[in-house]
Structure formats: structure tokens, C-alpha cells
Amino acid sequence: MSQPLLHIDDLYVHFNTSDGVVQAINGASLTLNPGEIVGLVGESGSGKSVTAMSILGLVPKPPAIYPKGRILWKGIDLLTTPDRELREIRGGEISMIFQDPMTSLNPVYTIGHQISEMIRVHSRISAKTAKLRSIEMLDLVGMPNPAQRIDDYPHQFSGGMRQRAMIAMALSCSPELLIADEPTTALDVTIQAQILEILEKSARELNVSVLLITHDLGVVAGICDRVAVMYGGRIVEEAPVDDLFERPLMPYTWGLMRSIPQMDKVSTKRLYTIPGSPPVMSRPPKGCAFAPRCEFVIDRCHTEVPQLIEYAPHRMVRCHRVSEPDFIAVLA
Amino acid sequence: MFTYTIKRLLQSLIVVWAAVTLMFALFFIIPGDPISLKSGEKSLPPGILANITAKYGLDQPTYVQYFRFWGHLFKGDLGYSYKNDKSVNTILHDGLSTSARLLFWGALLQLIIALTVGLTSAIKRGSLGDRIGTIFTVGIQGIPVFVSGLLAQYLFGVLPFQMHWDWLNFFKPWPQSWTAGVIPTDSWKGIILPALVVAVVDAAFIARMLRSSLLEVLRADYIRTAFAKGLSARRVWFHHALRNAMIPVVTVYGTSLIAIFGVAVQTEKVFSLPGMGSTIADSALSQDAPVVLGLAIVVIAFGAVVNLVVDLSYALIDPRIKIDSKAVH
Amino acid sequence: HAATAPTYIDCQLFSAGEPDFIDPALTSTLVGANLATMLFDGLTDTDASGNLYGEVASKWVTKDGAKTWAFTLKKNLKFSNGEAVLPSSFVTGWKRAFAASMASEVAYHSYFIAGMEEYNTGKGGWPSASVVADDSAMTLTIKMVNPTADWPSIVGHSVFSPIPTTMASASSKVEEDGTKLVGNGPFMLEKAITKRAGGEVVIVPNPNYGGKAPLLSRVTFKISSDVNAAYNAFASGQCDNGPIPAGRYTELLTKWGTKGVKTTLGTDYWGFNWEDPTVGGTQNKYLRSAISKAIDRTQISTVIYQGVRKPASGLLPPGLPGYKAGQGLTSSRDLNGAISDYKRWLALGNKTPAPIRLSYNDGAGWDKVASIIIANLKDVGIPAKLDPYPADGTYFSKMRSGKGQMIRAGWFADYPIADNFLFPLLHTKSIDGDNLERYSSVTFDALVDSARSTTNKSFAQSQYRRAEVQALRKDVALTQTVNRGIATVLAASTTSFPITPLGMIAFDQIVKN
Amino acid sequence: MSEFEQIPQSLSYWQDVRARFFANKISILGLVMLVLLIFIGIIGPFISGWKYDELGPDILSAPFQKGHWFGTDDLGRDLFTRVTYGIRLSLTVAIIVTIISVFVGVTLGGLAGYFGGWIDTLISRFIDTWQVIPFVLIGFAIITVFGSSFWVIVAALVFTGWYSTTRLFRASVMQVKSLEYVEAARATGATTKRIILRHIGPNAIPPIIVVLAFSVAGAILSESVYAFLGVGFREPTPSLGVMISGSRNFLTEKPFVFFIPGSVLVLLTLSIVLIGDGLRDALDPKLRGVK
Amino acid sequence: MSEPLLKVVNLEKKFPIQRGFLKRTVGQIHAVDGVSFEIGHGETLGLVGESGCGKSTTARLILRLLDPTSGEIFFNGKEIHTLSRQEIRKERKDMQIVFQDPYASLNPRMTIRQIVAEPLIVHGLANDDADPAVDEMIELCGLSREFGNRYPHEFSGGQRQRVGIARALITRPKLVVLDEPVSALDVSVQAQILNLLDDLREKFDFSYLFVAHDLSVVSHISTRVAVMYLGKIVEIGSREEIFDNPHHPYTKALISAVPLANPKQERIRKTTRIVLTGDVPSPANPPSGCRFRTRCWKAQEVCATSEPALLKIGNSYVACHFPEM
Ligand SMILES: Nc1ncnc2c1ncn2[C@@H]1O[C@H](COP(=O)(O)OP(=O)(O)OP(=O)(O)O)[C@@H](O)[C@H]1O
Ligand SMILES: Nc1ncnc2c1ncn2[C@@H]1O[C@H](COP(=O)(O)OP(=O)(O)OP(=O)(O)O)[C@@H](O)[C@H]1O
Ligand SMILES: [Mg+2]
Ligand SMILES: [Mg+2]
């Protein structure tokens, strides 16, 4: 296999706040290969966005500090890259779209202006050419009438259209990686289906890797090649999509899947529930972050942070009990 | 946009009409007979008073006076001063040149100071500059204009003379025995200190507004988007953040432009500038109603225009506010 | 000689920033009148020593006990536009000045003339029988309502100025265009840009002037917005004279000399409300005299006016024909007298009164005078307090209707005659007018009435003096404080700076190197 | 349940506000300054040995000496005494004005905000009109017409101050009214009275507290401006504005006559502004400690 | 058959669009446009639809938090919009609402106990918040009674939602309207709340009107489901019928758009998925005829001219000219 496109290596991100140090990321590792669509799932506050934004250096410092870790982009550490070079990478090689298309576009400039601006920052072309390219990109993401709508302001678009524009903008400089941070959370299901379709189609077409962040396991199931599950600032499990859904190894993943109401199964019985609530990251548990809520907890879980181990080929998991022979059977 | 402008214009006219009527009521109806006040230390025979009353039409019923007032106003005639029969137009003309100069420079300086302080303290948040800026902006709020005006005169006028600090003696050909109240009103030097005093008060307030507005905008998602696009920090701040942060600032700036006249009254009095502000003050004290009303109309109209411009500039700054834009899809 | 003569720059602080008018028919302020007298010569005038002299008139006589006056005019006098000054020029001027449509505040001076009040109030036509001009004989005959012995002085008021025929129909707004104001005085208007602060009025010698030509080739009046600005302009060498800011008399007069100081025909006083139960009426005479004696006029003069206004000894100011010193109770202070008077008043069964209100119009520094008086009264044991009123108009209208207890007032002469003080200020007929005290005494009224109707000057003066004593000593209707004065600072180059007792600066007689 | 271990001890809203206010050094500075000034204002006249309008023999005598700690003015009156009375007067006027303005503001603003509709339109348009007239003009009009007595000055200040409190309270009520918990209360069947008193009132009040502080400071400033321009209090009333206005003639020779009342006025308003600033931060729900 | 607990007939609500100096009405938002349905005792009706289709407005109308433009709502046999203020207050004891946003729906100045006790106090069932029923209900909703004295801001979203539920249930109402009660919650917490609602229903025998846009949640909790589109109900029927055999193209598209947490199935579904084109039109300016026609792949001319009526097809009622059979 070729060199990974992106390799997040034991990343720590902490925030200094008045409430104390928020340990948002506590040793996250993740690898992305060219052309791959990887899902990153996890509950609110588990650190998905912070991980994603750290890649582009978008986390405000202060309050953020990076005590440890590297983010290797084609071999260079983005955390130590000077700002000038990082700017080239932002948008040019790695681009990003965000959850709320309503607020992610600057309300005071036209869509065309915002896309052209991005193009012109990364390539020396005339305003006119940039505009033509913007129209092309909008066309690609299925915007009706792109040549006219390019001069409209974000508020004149619907949510779905805005997100299309965001995708068009993100792809306009032919990046190698697109980070999509919950791109459909704010949208209705029918629109979500449109957006996911466009996202997958354009990514595959342009051979762009995608890091798709979501808390909806269904979204991941549909389009990802690989999935990483995040909990309490750590990747707790990572696997090819089919394997993960078929046979979750980490009790959290396991619980999560069983707690989702399934439309296709007629389930009048109670849902499985994970007791308690997610950890407060300013006072994270000492051992495994999931230990206080885990059904299978043992003493060791409360004191010692489990390592991310390669349980099987391409299957990474972070659990003390996974190596117990009959544990997998329990989960199944 | 056009129809919106027309509508707003009509609204402004209504506001001006209402405000002027209010002022008319205050000055013409309530006091009853301003002419009898003409008797000062020496009383005037009733016949003389009657002549004067008739001359100003004050023997007419109030509503007649009111309509006549508007009739004259439409012809551009603001009436005549009770004090010396001078036309209010002339008085206005005389005062306007000084006031306009003062307010223009004041408003300009205000904007410059506010933008500089607000921007630096928002961008360099928590830095020493930010803290000094905050102290400046908070501190200045407690100082009334007439105090800062006197203080400025003391610091830049009196002190350099008394201490022989020629380097500080900005107004060099200054009389030997200097007291408060003399300013060479004709040159730019004469206007700079008063303009600064006018500027500083609300500049502090606007700067604070700008700072908090910018800090809020800098947290917005589209700023993150802009950074993610690979834009330089400069471009993000000035191109993306500033324009969005301007919306509340424009409101405050508008309010302060309306209030600036009140500031000008004090400033003109402190610096003995012969502007509209001091004229209004003096005329109000001597109950020279036509002059007060005449000048007030200009001030009120100015306020209404400022409001109008502020409203229209929202639409320029923020396309969301355009009223007759395409319907949201 | 005009080309080589020095020019003169006068920096004026005009009340509230500007003179009301320079049109003689309208001006009611001292500064306005001063300019008007430079531009217009009347029949008579008063010189710097207070003597009456003929200006356009060469002589005047009355044959029927001051009921009719005949003035003979000098020949060959001209207005600055070349038109001859004739008796009919006066008729033209008066017709304009006293017309109801002019609404002149000073038109009431004409009410001495028979039929003129009716003309002014629109109740009658022009009283042609009362003002008869004979241009060929150069005489002007005027009929009075009542015998008026002082008429030659009264007619010196600027409102009685002649005007050329070109100005006959000029309205009250003529000053908007200063060049139309054409007079027969030593100066003529060169320009009157604006009278507002920052503006200036420029006068130059009238080439057609028949009298003694002015020694200056041009006088510029610069208008300042306040006294500090005016003084500073002077101090920086921009003007030849300037006013003195309050509280700085001593300092500045020491520095610039006292050539510009002159006592004028005016007196400040505090009246007692004759109808007030505490201070008014004959029964409270001792309280009033205690107060009058307690006031330290020297202190007021030195602390507040630093000698520019001098302690007054009576109501009539020194310099006024018929003036006699010491007509009041005391010329400075009589603390023991005050204490014993107060005791006598208490002995009459009175108790220490509620603080006596010292009413004044605010903003002109009277609070300081009042504060001194309160302190003075405290020494005697009489409680008092300040009672300020905002605007002049409110103050005087309130006082006229009898709202005050001790009432701040002052008077300056319109014309240099005793009657101009005593009648309006103390006569029963002047109640609701300038008799703020609402003082009414049969004796006083009789004395003034008899003086008014005689042409015997010395008898009239003795009657006026008796009336003054009646009001000030016997009845203590008011208590005088200081005599008014003018103080300007002058540049060293000004060697002569004559000021008339009426407070007018004789710009035509200023000598400047 | 273990999840609660992570929750700090319970603070009521006002306890939290108080804690955050007192954690702010600058607002504490303001509070200390204000308390000191009020203290001086209260005891000053008793310890100085002078009355505010009592004339002394020394005129314009320098400050910091026995008998006259702040020196004397041009009539020999004790500046310390006058200044302490000035503090009393400023605060009294400002507090009365603020109470009335807030009363007017809460009533009109509450009406406009709660009921909306034509009431709101009427009140809002009236505010629009009022707002374009510079406050000095309103003051001039009222005071020159009715004279400068205490209550007229108070009225003038109320007339220039009422609309900002009204506008603010209107916005505040409108915002709170639209919040879901108000709707929730209605859904439980609460009466209008209960909704206003328990739900809208307490939540719409915090911005008013901030306005209160700034309105007091504003009224102090406006009062002094009127006095300075000659339409407010007059001699011998010891208003700080009157004193500053009177000091202009002595700025060159005796600047202390200006500096003493000037700095007291500045300190007084500044201390209130600082407190207001601190209150604003403390009351801001966005800055609330724990979520 | 007995009288249903709630009967909504032809409910309509228009919001004026106001503009300008004097707030002139320049248009109308047709938020709810002729909605009819019933909820029987002990039944849970799920109300689904895309954002802005009028779900919350319907919910608010039922509780008389808004006044309808026209139509009738019978609760317990009474037409609630004809009731006087006093009467409706009494009726509110029997119908309660839980809001979507657990942060905005609790008064920050009141303690949990005060919030939960409020309905009791309002209805004169208790004098203060010390009533034992309050603590009981707090515990029943999965919170410890010790935390009754705490303020909402100290709790997580899920815990606050429990408070909201406790408040709604304290008076033992007959109908509880739940306006997206779990939309703001994480999956793991969402399951807790859904179970809680299930348990409480069993215990107290409530009827629920469950508003949501998440079909899987609706499918889990509802006995019957109504699908709304642009202010109209396009299909209403039993849970099984709607999910297994949808008749309206919109229902079909909606169900097909939901991604399933099963990669193998998803890949198959993806190939057959109906991806609707375009967006929901503005309710200020809805299309003529069938509201859905602008996005419908089966639309014909008649759809633009005539509005389909809600007709019975199988066990459901469907408003479509060309329903799936
Ligand atoms: N600027 C910041 N200051 C302090 N804490 C922060 C900051 N940004 C993020 N955090 C904290 O870091 C943690 C992880 O946040 P993050 O936004 O990555 O979560 P997430 O998984 O993206 O959640 P969501 O699904 O809600 O977007 C949270 O506890 C959050 O409170
Ligand atoms: N008070 C109101 N004034 C004006 N329009 C309103 C009002 N409330 C709702 N609307 C409009 O009515 C329509 C229906 O709104 P409603 O809140 O009922 O939708 P919803 O289905 O609950 O959507 P969501 O899923 O976003 O909560 C929307 O277009 C909305 O903008
Ligand atoms: Mg996130
Ligand atoms: Mg809703």
C-alpha cells in the first residue's frame, strides 16, 4: 500500500478554560489513504470536530494547546508547518465543509464571490476565469442555473443549496482530502440524501479522499469505506465499514448500534440504553473514558487507559477486554 | 431597493414633522407669550409689547402660527430672531460653517479612533494594547465633554505656556496670558482640539462595540470557513470579519452622529466656537424661539437623514436586509 | 488726513454674543446705541463731562413752560450720501422709528410728544401738529403732552435720529444689508458683514460730516462670543481694547492701566417689596434700615468689581445733573446702626424672620453679590437666602408682580436727568412697571410731580433730592449698593479714550498713536 | 448516579451573578470608589465645619490646607463642602431620574413588548421621533420654559432618558416572551399574571439592572451638562456642573477650582460605569459559569 | 366506538407576513392547511415531515398556544377554542407539552423542583413545591430527588429533557404532546428518553402526539403515523401500514431517504433510493394543486390543477391522485 495521505499520530488537544483544562483529545490516531472515504463517528463532544479542525490548524490557540502528537500530511507535520505554507494546504490540498451551511457562508458576499475568492487564492487566474470555474463547480454539484445563481447571496438559497455551494467551493481547487464535518446534520432527510449522493459522487469522480464526520451511523454505513469511532477524545475502534457493523468489538460501539431505533425492524420492545451520560472532558475518567457507562467494566478499566491495538488486520480497537477469548462472543 | 428608499424617506419625513411639531409645541405653545420676556431690567409699555407681538404674528391663534410656520418653512424661510430681527437663515448660515467643520472632523476622527482601537483590541485580544484600549474606552465614558474640553485646553493650552514647553505648544502664536476659551477658529489648528474632544467620547463607545461585535463575528462559522479556504488572517479580518461586524457598529455610529450635536453644544461653549450649538444654547437661554426652532429643524433633519443613511447602509453592508430582493427559495 | 490716521480695532463682547441692532430706531442695548450714535447725530448729545450740547440743533427754546419746544438746526449739514440734514429729516426718521410696524422697543421715549403714543400703538395717525418742521427756517417745533423741562436731554436719545429720504421706508430688517443704513454721524458704515460672533462691523469717517472729523481712519468692531475670547483677542494684540473677564479686574487693570475705567450713570440696588409682610410697609422700616446699614458696599465693590463699580451713597449716580452725595442711609456699612435698628424692630414685637429671599436673575454674577449680602446680614443676625430665577424675562416679570422680598435691580440712565431714575423706579404710577418694590408714598409722588412740571431747574433738582431722601432714608424703599462703571483694557498706543456718562465710547474722539 | 459527581455545587442565578461580579476586579474597584464617594458625600458636610454657601474670608485659597481641604472658590466658599454636597445632589437627582425612567421604561416597554400590535407600533414610532431630537434641545426646551427648579430638572432628565430604558425593556420582554419556557408555562395553564411575574419579569429584569447603572451615570452626566450650559441647577446650588462651569475663569491661575469638582464628577460617573460594566458581564447568561 | 381523546377537524393556521413602518400585512404563511386527524385513548400518533411543514404549529394549536385561522379541535369532546380562558386553564391539566429544546424550555431562574411543581401549583393541586408527588415524579423520570434544588443550567441536555417530561406528566394528563423531544439529543441519550416515554406510557396510560422528523424514532414509538408536507397531511395510517406499505410518493421517498445502520442493506437501498430533487417550496407561496407535485416523479397535469383529497386506501388515508398500491 502507498504512503498514507494523512496520519494523525497520538494527538492530544487541550483547552485552557476558566473551568479548568478541557482535555478534548487524549491520544487520537487515525490514518487516511488516497481515494478513501473514512467515517468518524461519535457522540457530541467526543472530539470529532476538534480532530478535524486540528488538521487544518483551525482550532484557536489560545485556548487550545497541543501537548503531544503529530498530524502528518504526506509526511510533513501540519502542527509545526509555518502559517504561510499551511495556508497553501488549506483549501488547496485539504478542504473542509461544516455542519451548518446557514452560518458557514459569509452572509454579505455572493456565492460566486466566495468560491472565486478561494480559487484565486490558490491559483493565479483572472477573476473572469475564476468565475467560470465557479459556475462549473456549481454545475458539478447539481446547482440548477449556476450561471445566474452565482450572483445570489447565501440567504437567497435553501439549506440544501447552500451545502451544495459549500461542497462546490471545497472541491474547486481539486483538493486531495475533503473533511466534511457533519455535512447533513442540519438538513432534512430528503435533502440529506441528495447531499450525500452528490458528496460521494463528486469525491469518487475527482478521486478525493473524504473524512466524513457524523454521529449518524446510517450515514456512515452508506458511503464509507472505513469507519473510526470516537469516544471521550480517543479513537476507540476503527474498522472497514462492513466489519464494524457486523461485529463491533468495543462495548461502546456495540451499545451504540443497539440503541438506535431501527425503522426496518419492527421493534416494540425496549431499546438498549447506554446508562449515564458522556464524560465531561474537563474531568475525564482516569482509565477508559467509557468505563463509567460500560456494562462489561472490570477494575482495570477504571485505572488504566487501554491501548489501541490491531485486533485483526485493519481492525483497531481500544478495550482491555477485547483480548479475552469469549468476550467477542458476548458482544455478538 | 428603490421603493425601500422611498418608503424610508417618507418615514423620515413623518419623523421630522413629528419632532418639529413637538419642538414647536414646547417653544411656542407652552410659554404663552415670549414677547413679554423682552422687558428686561426696564419694563416696556404695553403698546410697545403689542407692536412686537404683532410683528411676529404672535397675536394670531396658535394653529395659524403653526400653519404659517410651515408655510414659511416650505419657502425656505426659517423666520426672524426675536432678539434682533436677524433672519434665522443668516444665523443658521453663520453657525453652520463652524459646526459643520467641527462635526465633520469630529465624526471623522471618531471613526478613525474607533476603528483603530476596536480593531487592534479585538485582533490582539488580551494583549497589552487591548487592555490599554479597554481602560481607555471604559474610562472615557465617565468624562463629560465639557470636562474633557476644559481639560484639553488646560493640557494643551495653559500648561505648555506656564511650563514653557514649547514642544507641546501646538497652538504657537498664542496670546501670552492665556485663558480658557480662545481658539483661532479659522485655521485647522483651531478645530483640531475641539474635534478631538467631540470625537473621543463616542469613539470609545463605538470602539467597545466594534470589539465585542468583532469578537463575536470572529467566532462565526463563516470565519472558520474563510480560514479553511486558505485566506490570510489579514484578508479574513478585513474582508470577511469587519464587514459583518460593522452592522451593530453602524447603528451605534448613527446614534452617536445624532447625539453628536448635543456634544457639539458643549464643545462649542467650552471652546467658545461660534457654531450652531452655542447659538442654540444662547438662544434657548434667551428664549429666542424662532432661532432655536429654526436651528433645531436642521438638527432634527440631520438626525433623520443619519437614520436614513444608517438604514440604507445596512442594506449595503448586509444583503439580507434588502427588502425587495428575490424571495427566499 | 484720513489716510495716515491710525485705524482702531475694538473687540467687543456683546451681550449674548452680538448687538441687537445698530439701527438707531431699534437698538435698545448700550453697544448698539454706541454704534448708532457714531453713525447718526441727533439734535442734542451729552459730552464726556455730562454736559448737554447741541449736535444738529444750534439752539432750543420753550415759550410756554416746557409745553412746546422749538429747535433751530445748523445749516449745511449732510448725510453721508450727500443729502442735506433738514428739520424734515427728523420727521422722516421719527415717522419710521415710531411706526407701529417697526415695533421698536425704544419707541416709548417718544411718548412725551403729544399724539405720539397713539401713533405708535396704531390708534392714531402721524401727529403732524405736534412735530412741525420748517425746512426753510430750519426749525423743528415739538409739542409735548405735559410740560417736560428735560426734553432737550431726552431728545438726545439715539431713537430721535434723523434719516435721509432714501431710508424713509427701510424696514426693521434693513441691517441684513448694512450699506442701506445711511446716517449723518462722524462715521459711516463700511461694512456690517454680520454682527455675530466672529463677524465684524467696520465704520469709516463720513466724508460729508459737518462737525469735527474723527481722528481715526477706520474702526473695526470684532464680535466675540464671550468675554474670555474677547479679552484674549485683545491680549494677543488683535484689538486695541477689550473687556475684562469677571474676577480679573485688579490683575488686568494693574497690567494694562486704568485709562479705560469710567463710572457711568447707573446704580445697582436692592429693593424691598413694599407689600411683603416681613420687609414691606412702614411698620418694618427698622428691619429695612438694619439691612441697608448692614450691607458692606465696600466689600461688594472690592471683592466683586475690584473697584470698577464704586460704593454708592444714593440712588442717583454721581455725574448726574443735580447729584448730591450721601442721600442714602450709609455709603458703605454701619454695623452698629444695623444691629440697633434690628433690635428696635424685634422690640416692636417681631420675631427672627424666616430667611429673607434675595431674588435675582441668574447667570450675571448676582449670586456672588447676594452671597456677600447674606454674609453681611448674618453679622447682624438676620437670616437670608439666595432666590435665583432663570431667565431675565421670568425674573423681572415675577418681580413686577410682587413675588420678591429683596429684589435685585439696577438702572442706567437713558438720558442724564434725575427724573429718569426717580419716576420709573419709585413713583406710584410706575407700579407694575419698573417700580419693582411696588413702593407707594404720597409725599414722594408729590415731590416728583412738582419737579416734573416746573421749568425752574434748580427748584426741580431740590425737589428730586428731597424725593430721593424720602425714599432712601425715611422710607427705605430700596438700598443702593454700587454705581455702575465701565472698564476696558486698552493698548498702550491709545492715549485718549473718552467715555460719556451714558457709557458710550466716543470713537470719534479716540486718540491713537 | 455517578454523573452528578461532576456537577459543582448548586448556585442560584443570583448567587452566581454575585460570585461573578465579585470576581471582577475592575467592577470591585468601581464599587469601592462609589462607596467611598457616597461615604464622603454623607459625612463630608458634618466634618468640614462649613456650609455649602457660607462665605469665608479667603478667596481662591489653595487646597490641602487646614480649614479648607480642597481650598476655596472665588467667593471664599469651602470647596470640600460644596463638592460633598455636589455628590449628594448628583446622586439624588440621578437616582430619582433613574427610578422614574425605569418605571416609565418598564411600563411602556413592557406594554409594547408583551402586547405588541398597535400599542407597540405607537410606542416605537414615538420613540423614533423622540430619538432624533438631541437631548440638549429637549432639556433646553423644558427647563427654559418651566424654570430650573429641582423637579423641572428631574423631569427634563427623565424626558431625555425614558426612551432608552423603554426600548431596552421592550426588546428584553419581546425576547423573553418568545422563549420556550414562557410558552411552556402557558401550556401548564399558568395565568398571565403568573407568567409575567414569575417567568417574563425575572428574566427580563437583568438587562434593566445594567441600564439602571448606566442610566444613573447618564443622569449624573446630563445633569452636569445642563448645569454647565446654564439651564440646570444654578448658583448657589452646589451642583458639580455649576462648580465646573464657574471654574472656567480661573483655569489659568487656579486650576484646582476646575480639577477638584471635575475629578469628583469623573470618578463618580466612572465608578458607576465600572459597576455597570461588571454587572453586564455578571448578568450575561452567555458568560454563565457552568453549562 | 367511543369518542376519541382528540379530534382535529380541518385545522388551518395562517401567519401574516408583516413589513414596513406600520407593520402592514403583505402576505401569509400557510403553516397548517386543513389538517384533520384523531388520537384515541392510549394511542401514540407520530407526526413526521420536513422542517417547516407545520408540525410544531399543529402541536401548538392543539394546546391552544396559538389560535387557529379556522377548524376545530375537540379534546375530551370539548371544542377547545371556544372555551373561556378559565376553562382552557382547567383543560390544560389534561394536556401537556414537552418541547424540543431542553435548554430553552426551562426557566433558568427556577429550580428543578419548582419547575416540576409549577403545574400542580397552577392547578391548585399543591401549595408549594414541597409536594411529595414532585419528588416522586422527578425520580420516576430518572433523576435523583437530591437534585431538585438545582438549576437547569447544571444539567445535561438529556437530564433537562427528563425535567421537561416530569413537568408535563406531573398532573397526569391524558394527552402529552411531544414536539421533537429527542431531536437535540445524542443517540445514546435519545434511547434513554424513548424508553422512559415508553415506560411512562405503560404506567399511566397516556396518549402521545409525537412530533419528529426522524422516521426511525417515530417508527419506534408510534402506533399510528401521520406524514405532513407543506401544512397538509399527505398520508395517515397505522405504523405498519405506513412503513411497510406506503401509498403516497412522498412517504415512500421519505422512508427511502433514511439511511440504515447496515452497510450491506444500505448499498442495496442506495441503488433503489428515491432521491427527491429540489427543495420544499415556501409555505408563503405553495404550489397549486398537490403541494408535492414540484418534487414528485409521478406528477401529471391534474396534480397542478386539482388538490387530491385524503382518501382511504387499504388501512391508510392518502392524499394523492396516483397513489402507490
Ligand atoms: N474553543 C474551545 N474551548 C474550550 N473547549 C472546547 C473548545 N472547542 C471544543 N472544546 C471542547 O472539546 C470537546 C470536543 O469538542 P468537539 O467540538 O470536537 O466535539 P464533537 O465531537 O465535534 O461534537 P459535536 O457532535 O457536538 O460537534 C468538547 O468537550 C468541547 O467542549
Ligand atoms: N409565529 C410565527 N409567525 C410566522 N410564521 C411562523 C410562526 N411560527 C411558524 N411559522 C412558519 O410556519 C411554518 C411551519 O412552522 P412549524 O414550526 O410548524 O414547522 P415544523 O414542521 O415544526 O418545522 P421544524 O421541524 O423546523 O420544527 C414555517 O414556515 C414557519 O416559518
Ligand atoms: Mg462537531
Ligand atoms: Mg418544529
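First the proteins, then the strands, lettered A, B, ... as listed; each starts at 1.
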Q: Can you tell which part of B:Arg224 gets under 4.5 Å to a heavy atom of chain A, answering side chain, backbone, both or neither?
A: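 Both backbone and side chain.
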Q: Tell me, for A:Met161 versus chain B, whether the close heavy atoms (under 4.5 Å) come from the side chain, the backbone, both or neither.
A: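 Interface part for A:Met161: neither.
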Q: Do A:Gln114 and B:Thr225 make a side-chain contact, defined as non-hydrogen atoms from C-beta onward lying under 4.5 Å apart?
A: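 They are not in side-chain contact.
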Q: How long is the gap from CG on A:Leu105 to CG on B:Asp221, to the nearest 0.5 Å?
A: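 The CG atom of A:Leu105 sits 10.0 Å away from the CG atom of B:Asp221.
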Q: Just verifying a value: how many Å separate B:His239 NE2 and A:Tyr109 OH, rounded to the nearest 0.5 Å?
A: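 The OH atom of A:Tyr109 is 3.5 Å from NE2 of B:His239, to the nearest 0.5 Å.
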Q: Drop me the distance from B:Phe227's CZ to A:Asp83's CG, to the nearest 0.5 angstrom.
A: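 Separation between the atoms: 8.5 Å.
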Q: So, for B:Tyr222 and A:Asn106, which heavy atoms are closest and what is the spacing to 0.1 Å?
A: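 Scanning both residues completely, I find the closest heavy atoms to be CB-N, 3.4 Å.
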Q: Is A:Leu56 in contact with chain B via its backbone, its side chain, both, or neither, using a 4.5 Å heavy-atom distance?
A: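 Contact with chain B involves the side chain of A:Leu56 alone.
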Q: Taking every non-hydrogen pair under 4.5 Å, which of B:Ala233, B:Ala220, B:Ala226, B:Ala228 racks up the most with chain A?
A: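 Of B:Ala233, B:Ala220, B:Ala226, B:Ala228, B:Ala228 has the most heavy-atom pairs under 4.5 Å with chain A.
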Q: Side-chain contact test, heavy atoms from C-beta onward, threshold under 4.5 Å: evaluate it for A:Arg87 versus B:Arg235 and give yes or no.
A: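 With C-beta onward as the side chain, the pair stays apart.
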Q: What pair of heavy atoms forms the shortest contact from B:Lys229 to A:Glu117, and how long is it?
A: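 Looks like NZ-OE1, 3.0 Å.
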Q: Relative to chain B, which segment of A:Met102 carries a heavy atom at a distance below 4.5 Å: side chain, backbone, both, or neither?
A: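 Contact with chain B: none, neither part.
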